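Numbers here are sequence positions counted from 1. Keep in mind the model is a prediction, meaning the values are calculated, not measured.
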Amino acid sequence: DNTPADAVVLSDWQWGHWISGIAQRKNFVDGYAEYAPNVNTRISGLHEFYSTCRVPEGYGISYIYMEDWFAERYGIKCLGGFEEVYGAAGIKIYRV
């Protein structure tokens, strides 16, 4: 309910399948790789994002899904440059 129906969401691979299946949004990468082809390239881009917050280009990514515990555990400190559009229960969604 916090993103347009045509949104493409960047999240860790473990949540990608849920984003596609439950939220009915496209995702950048998922654990099944059925909705996100070229998974190795995407995983590399995801790891770069975690250290730099540089959003991978060419995928139409418009939102970021991040759980607070995950950002803290992996030291992702650069999310402040994005607009937070949702924040509750330890989950944040940012607009790119």
Side-chain angles (χ1 to χ4, degrees):
D1 292 337
N2 297 288
T3 62
D6 63 348
V8 178
V9 180
L10 175 78
S11 71
D12 191 62
W13 66 270
Q14 61 190 331
W15 298 297
H17 193 70
W18 294 106
I19 288 167
S20 293
I22 295 173
Q24 299 179 346
R25 302 297 187 265
K26 291 182 182 178
N27 71 76
F28 175 66
V29 67
D30 66 63
Y32 297 100
E34 71 187 84
Y35 299 116
N38 304 317
V39 71
N40 290 333
T41 301
R42 291 175 186 239
I43 290 290
S44 293
L46 187 62
H47 288 183
E48 181 178 341
F49 173 79
Y50 291 158
S51 61
T52 66
C53 282
R54 185 182 148 297
V55 176
E57 296 179 10
Y59 299 96
I61 296 167
S62 47
Y63 290 87
I64 299 160
Y65 172 96
M66 185 64 59
E67 294 192 10
D68 292 342
W69 74 266
F70 189 89
E72 186 175 317
R73 180 173 182 181
Y74 293 99
I76 304 167
K77 301 187 185 301
C78 51
L79 294 166
F82 300 104
E83 176 190 2
E84 184 179 319
V85 295
Y86 175 84
I91 296 171
K92 292 193 174 66
I93 298 174
Y94 300 92
R95 186 184 338 261
V96 172

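Scanning for salt bridge (Lys or Arg N to Asp or Glu O under 4.0 Å) contacts around Glu48 gives Arg54, with sequence neighbours left out. In this structure, the side-chain contact (heavy atoms from CB on, under 4.5 Å) partners of Tyr50, at least two apart in sequence or on a different chain, are Asp12, Leu46, His47, Met66, Phe70, Ile76.
Of the options Val9, Ile19, Leu10, a side-chain contact (heavy atoms from CB on, under 4.5 Å) to Phe28 is made by Leu10 and by none of the others.
Between the OH atom in Tyr74 and the OG atom in Ser51 there is a gap of 14.0 Å [rounded to 0.5 Å]. The structure places CD of Glu67 at 10.5 Å from NZ of Lys92, a figure rounded to the nearest 0.5 Å. A distance of 3.5 Å separates OH in Tyr65 from CD1 in Ile91, rounded to the nearest 0.5 Å.
Two different hydrophobic clusters hold Ile22 and Val29 under the rule that ILVMFWY side chains link at heavy-atom gaps under 4.5 Å.
Pro4 places a side-chain heavy atom less than 4.5 Å from the side chain of Tyr63. At least one side-chain heavy atom of Leu79 sits under 4.5 Å from a side-chain heavy atom of Cys53. Here the side chains of Thr3 and Ser62 are not in contact, with every heavy-atom distance at 4.5 Å or above.
Atom CD of Glu57 has 12 or fewer neighbouring heavy atoms from other residues, nucleotides or ligands inside a 6.0 Å radius. A 6.0 Å sphere centred on CD of Glu72 holds no more than 12 heavy atoms belonging to other residues, nucleotides or ligands.
Of all heavy-atom pairs between Gly16 and Ser11, the closest is N-OG, 3.6 Å.
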